[in-house]
2 protein chains.
Amino acid sequence: MTATNTREQIIVAADVLFYQQGFDHTSFANIAEAVNISRGNFYYHFKSKDQILSAVISLRRSNTHLMLKEWELSTERPERRLLNFIQILQVNHDKILRYGCPVGTLTTELLKLSHPASNEAKMIFTLFRTWLRRQFSEMGHKSDSDNLAMQLLIQSQGIATLANAFNDAEFLNKQVSQLQQWLDDLSTEMK
Amino acid sequence: MTATNTREQIIVAADVLFYQQGFDHTSFANIAEAVNISRGNFYYHFKSKDQILSAVISLRRSNTHLMLKEWELSTERPERRLLNFIQILQVNHDKILRYGCPVGTLTTELLKLSHPASNEAKMIFTLFRTWLRRQFSEMGHKSDSDNLAMQLLIQSQGIATLANAFNDAEFLNKQVSQLQQWLDDLSTEMK
DNA sequence: GTCTATATAATGATAGAC
DNA sequence: GTCTATCATTATATAGAC
């Protein structure tokens with residue numbers, strides 16, 4: 001197996017496990033089992049657990065960045081782009097119910113651990129915030145674009161947390177519909 | 001030191017530490033240091049770490065129950081009672097910024113750990129949900145009382161998560177004001 | 001690049017003296 | 001009721017053979 005290959009596999013496996021079990025609770029043994037390598041082999045690719053976390057957060061940041069770019073290229077209409085954001089909750093329906101929002105839960109955990117990487121994790125929120133703000137601005141909501149961006153983040157975080165807590169699929173579907181309606185009202189309002 | 005006294009102290013110290021550091025990350029050594037007892041003495045009062053968690057959740061449930069009772073006795077007007085709920089975010093301002101919402105963060109963590117006590121933790125959400133529903137119902141919003149209760153929970157969870165992530169006091173204050181305005185509109189709407 | 005074997009520290013938990 | 005001493009287990013991390 002090539003070096004980059006194994007390294008990539010470790011990052012991807014850690015990404016999933018950190019999401020499902022949390023960072024602190026996930027051990028090298030867990031990741032090693034998922035990738036099918038020995039624990040000792042780890043330290044050829046990463047010097048510490050924190051370095052794996054760094055790599056995972058970098059991956060998430062770049063994936064998020066790519067996703068937002070794609071949404072921007074897929075259509076000229078900002079309302080359509082924003083619809084993509086809302087539909088993350090729908091697309092990742094089952095994962096949200098079981099594990100909540102990957103961005104929110106990781107950031108919250110790292111903050112409680114007083115982990116230095118919490119700032120890096122937070123940047124994913126900032127990525128979304130800036131992108132959302134730009135879409136609202138393009139929609140014509142110049143002056144309150146940041147407020148609207150934060151409203152959408154608040155909603156998605158709250159919905160994910162409660163859908164997870166209550167393990168309620170119907171609730172999740174209903175809230176996504178209400179969010180879509182909110183966005184619709186907001187765009188017709190500007191015409 | 002009497003048995004109940006030390007036992008109470010352990011529960012209270014664990015309550016704080018679980019909130020600040022998370023359940024999994026908090027060790028007996030941490031709690032022992034806070035209470036100023038030896039690690040061995042623990043097992044006279046609790047058979048396991050899970051039993052301490054159980055006691056902490058029970059305490060939180062009973063405290064929440066008491067608080068809601070008090071709010072109900074303090075005024076006959078449901079809008080005033082609901083205002084108390086919104087103002088938790090204001091009253092616990094600094095804690096929210098540093099550690100997020102105690103109910104949401106514990107429930108989320110226990111779900112990720114697949115911990116059997118997650119259901120008990122979830123009950124605190126249910127306590128709020130039922131209480132909020134009753135207030136909205138008394139306000140005249142009979143048919144959509146549960147939806148409104150969940151809207152308020154969504155907002156408070158989302159606001160707490162993002163205020164924590166961005167460590168933004170101004171954001172928190174502003175969102176509390178907006179929630180109060182939302183509640184105000186909702187109550188004048190019924191007159 | 002990957003393995004086995006091992007060092008080291010911390011964890012939850014127990015036993016028994018006082 | 002509280003302590004010290006200790007056990008078993010797990011964790012991150014290292015050393016060195018292949």
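Protein chains get the first letters and strands the later ones, always in sequence-line order, with residue 1 at the start of each.
Atom OH in B/Tyr44 sits roughly 18 Å away from atom P in C/dG16 (whole-Å rounding). For A/His25 and C/dA10, the NE2 to C1' distance is 16 Å, given to the nearest whole Å. For the pair A/Asn30 CG and D/dT10 C1', the computed distance is 11 Å after rounding to whole Å. Look at CG on A/Asp50: it is 14 Å from C1' on D/dA11, rounded to the nearest Å. Atoms NE2 (A/His115) and P (D/dT12) sit 12 Å apart, rounded to a whole Å. Atom CD1 in B/Ile52 sits about 14 Å away from atom P in C/dT11, given to the nearest Å. For B/Asn36 and D/dT2, the CG to P distance is 12 Å, given to the nearest whole Å. Rounding to whole angstrom units, CG of residue B/Asn41 and P of C/dG16 are separated by 18 Å.
In the set D/dA13, C/dA13, D/dC3, D/dA13 carries the atom at the smallest distance from any side-chain atom of A/Lys49. Distances from the side chain of B/Ser38 to the nucleotides D/dT4, D/dT2, D/dT6 place D/dT4 closest.
Contact check, B/Ser27 against C/dT11: a side-chain N or O comes under 4.0 Å of OP1 or OP2. Listed pair A/Thr6 / C/dG1 fails the phosphate criterion, with no side-chain N or O lying under 4.0 Å from OP1 or OP2. Distances shown here put every side-chain N or O of A/Tyr43 at or beyond 4.0 Å from the OP1 or OP2 atom of D/dT14.
For the 3.5 Å distance criterion, the side chains of B/Asn147 and A/Gln178 qualify, holding a donor opposite an acceptor.
Taking CG of A/Leu110 as the start and CZ of A/Phe23 as the end, the distance is 7.0 Å to the nearest 0.5 Å.
At the heavy-atom level, A/Phe28 lies under 4.0 Å from the strands shown only through sugar-phosphate atoms.
Aromatic rings from A/Phe28 and A/Tyr43 are positioned such that their centres are separated by under 6.0 Å.
You'll find the side chain of A/Ile96 stays beyond 4.5 Å of the side chain of A/Ile159, heavy atoms only.
Taking the six-membered ring for Trp and thresholds of 30 and 60 degrees, B/Trp71 and B/Phe85 have ring planes more than 60 degrees apart, a perpendicular arrangement.
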